[in-house]
Amino acid sequence: MRRDDRELDWRRFQRHEYVEPSADLAGYVNRYWIVSWGYERPYRQLIRPSLSVQLVFRDGRAQVHGVTSAHTVQELAGSGRVLGVEFRPGCFRPFLGAPVRSITDRSVPAATIFPGGPGGPAALADLADLADLADLADLADLADLADLAEPAEPGAPAEPGLDVVETMIRAQLPAPDPKLDLVCQLLDRIATQPAIKRLDPLAAQFGTTPRQLQRLFAEYVGVGPNWTIRRCRLEEATERMAAGTKVDWTTLAAELGYADQAHFVRDFTRLIGESPTKYAERY
């Protein structure tokens with residue numbers, strides 16, 4: 001199938017902005033993201049799997065999207081804009097009040113978790129110009145927030161309503177969870193220590209068993225620890241591609257813990273949705 005040339009020139013068609021959360025929410029919220037786009041012809045956007053639960057606003061609706069365990073494709077048509085809340089991996093369990101695994105690869109109405117927030121008719125009318133897409137691509141700071149706040153349609157509000165969203169989250173701030181610190185330590189260890197390529201060494205470092213980690217990850221992260229390790233290692237690969245330096249695929253595969261380049265290519269393609277060489281062309 002012929003590649004859409006717009007994939008390699010996506011910065012012409014999309015604008016991205018990130019906003020840090022207020023200090024009192026930073027323990028749970030990683031960032032807010034705002035994306036706008038304009039396409040004369042429908043465009044199929046590849047979306048990488050994500051370890052974060054996302055709270056997203058679109059066309060008068062507010063939805064919570066669970067962790068995604070595989071790549072997805074979202075069609076973008078015409079002009080649109082989206083506001084999203086990216087929760088820190090592992091930190092949505094106290095809001096959900098149930099295992100995060102229960103919403104993996106699923107979306108649920110935000111009002112079921114954040115009642116009284118921007119999920120009712122009046123609040124959603126104020127946010128009707130916002131749309132939902134999460135983790136659209138390797139994003140860059142391409143536009144000023146004020147530019148992104150321009151209304152998509154006449155009469156639409158100019159502000160994305162982050163104050164409303166933060167008020168909604170604060171209204172549901174959970175009680176301290178004694179397991180949350182351990183979960184965050186585990187995820188940080190996986191993300192910052194590339195030498196961790198298997199579950200057993202990670203369990204040994206924390207004085208626990210693989211089975212206990214599997215239960216903990218299902219409860220708090222939404223996917224298993226082995227999948228999380230693999231996802232983080234492949235994320236390292238995409239970061240190297242984004243850096244624009246030439247990549248030696250055989251060496252990279254070995255550094256990421258793969259037996260050979262073929263295994264790395266198969267794993268990358270299955271999870272990310274494109275072969276490494278094809279994905280690298282984006283940069």
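Only heavy atoms go into these numbers, but all of them, side chains included; no hydrogens, no water, no symmetry mates.
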* Worked verdict on Tyr32 versus Glu20 for side chain to side chain contact (heavy atoms under 4.5 Å, CB included) -> CA-CA 6 Å; Tyr32 306 108; Glu20 295 295 316; over 6 Å; no
* To do: Determine yes or no for a side-chain-to-main-chain donor-acceptor pair under 3.5 angstrom, with Arg81 supplying the side chain and Val35 the backbone.
  => no
* To do: Under the side chain to side chain contact (heavy atoms under 4.5 Å, CB included) rule, what do Val73 and Ile47 come out as? Steps first, then yes or no, please.
  => CA-CA 6 Å; Val73 174; Ile47 303 173; over 6 Å; no
* Asked: Does any non-hydrogen side-chain atom of His65 lie less than 4.5 Å from one of Val108?
  -> no
* **Any donor-acceptor N/O pair, Thr68 side chain to Asp105 backbone, under 3.5 Å** => no
* Is any side-chain heavy atom of Asn30 closer than 4.5 Å to a side-chain heavy atom of Phe87? -> no
* Okay, side chain of Thr104, backbone of Gly222: is any donor-acceptor separation there less than 3.5 Å? -> yes
* Using a strict cut-off of less than 4.0 Å between a Lys/Arg side-chain nitrogen and an Asp/Glu carboxylate oxygen, indicate whether Arg48 and Glu274 qualify as a salt bridge. => no
* Run the salt bridge (Lys or Arg N to Asp or Glu O under 4.0 Å) check on Glu236 and Arg233 step by step: do they pass? -> CA-CA 5 Å; Glu236 292 175 38; Arg233 298 295 83 86; 2.4 Å; yes
* Exam field: side chain Arg231 to backbone Pro49, donor-acceptor pair closer than 3.5 Å -> yes
* State, with a plain yes or no, whether a side-chain heavy atom of Pro174 is found less than 4.5 Å away from one of Phe95. => yes
* To do: Nearest 0.5 Å please: distance from the CG atom of Asp248 over to the CD atom of Glu255.
  => 8.5 Å
* Rounded distance [0.5 Å steps], CD in Gln172 versus CZ in Phe114 -> 7.0 Å
* **Spatial distance of atom CD (Gln185) from atom CG (Asp181) [nearest 0.5 Å]** => 4.5 Å
* Give a yes or no answer on whether the side chain of Thr112 reaches the backbone of Pro109 with a donor-acceptor pair at less than 3.5 Å. => yes
* To do: Report yes or no: is the cationic atom of Arg6 (NZ for Lys, CZ for Arg) closer than 6.0 Å to the six-membered ring centre of Tyr43, at no more than 45° off its axis?
  => no
* Euclidean distance, Leu216 CG relative to Arg211 CZ, rounded to 0.5 Å -> 12.0 Å
* Asked: Do Phe268 and Arg270 come within less than 4.5 Å of each other through their side chains, counting heavy atoms only?
  -> no
* To do: Any chance you could lay out the side chain to side chain contact (heavy atoms under 4.5 Å, CB included) test for Leu202 and Arg189, step after step, and finish with the verdict?
  => CA-CA 8 Å; Leu202 179 66; Arg189 190 72 57 88; 4.1 Å; yes
* Side chains of Thr250 and Phe264 in contact at under 4.5 Å (non-hydrogen atoms) -> no
* Asked: Which atom names give the shortest non-hydrogen contact between Cys184 and Arg88, and what distance separates them?
  -> SG-NH2, 3.9 Å
* Considering all heavy atoms, the nearest Ala203-Pro210 contact -> CB-N, 3.8 Å
* Structure fact -> For Tyr28 and Pro94 the tightest heavy-atom approach is CE2-CG, 4.4 Å
* To do: May I ask you to decide whether Glu75 forms a salt bridge with Arg44, counting only side-chain N to carboxylate O separations under 4.0 Å?
  => no
* Asked: What is the minimum heavy-atom distance between Ala253 and Asp260, and which atoms define it?
  -> CB-O, 3.9 Å
* Ion pair Asp177/Arg93, N-O distance below 4.0 Å -> no
* Pair Glu166-Ser22, side-chain donor/acceptor within less than 3.5 Å -> yes
* **Side-chain touch Leu256/Lys197, heavy atoms, less than 4.5 angstrom** => no
* **Sole candidate of Arg15, His16, Gln14, Glu17 that passes side-chain contact (heavy atoms from CB on, under 4.5 Å) when paired with Ser36** => Arg15
* Asked: Would you say Gln212's side chain and Thr209's backbone share a donor-acceptor pair under 3.5 angstrom?
  -> yes
* Structure fact -> On a heavy-atom basis, the closest approach of Val223 and Arg101 is CA-NH1, 3.5 Å
* To do: Please name the pair of heavy atoms, one in Val29 and one in Pro21, separated by the smallest distance, quoted to 0.1 Å.
  => O-CG, 3.3 Å
* Asked: In Å, rounded to the nearest 0.5 Å, how long is the span from CG of Leu182 to CG of Leu186?
  -> 4.5 Å
* Asked: With side chains defined as the heavy atoms from C-beta onward, is the minimum distance between Val265 and Gln261 less than 4.5 Å?
  -> yes
* Note, Leu51 side chain near Glu235 side chain (heavy atom, < 4.5 Å) -> no
* Given Asp24 and Arg170, is the salt bridge (Lys or Arg N to Asp or Glu O under 4.0 Å) satisfied, shown in steps? -> CA-CA 9 Å; Asp24 62 318; Arg170 287 192 183 98; 2.6 Å; yes
* To do: Indicate whether the side chain of Arg215 and that of Tyr220 have a donor and an acceptor atom separated by less than 3.5 Å.
  => no
* **Check against side chain to side chain contact (heavy atoms under 4.5 Å, CB included), Phe92 and Val64** => CA-CA 10 Å; Phe92 195 72; Val64 170; 3.9 Å; yes
* Asked: Could you give the distance from OG (Ser107) to CD (Gln54), rounded to the nearest 0.5 Å?
  -> 10.5 Å
* Is Arg61 reaching over with its side chain to a backbone N or O of Phe57, donor-acceptor style, under 3.5 angstrom? -> no
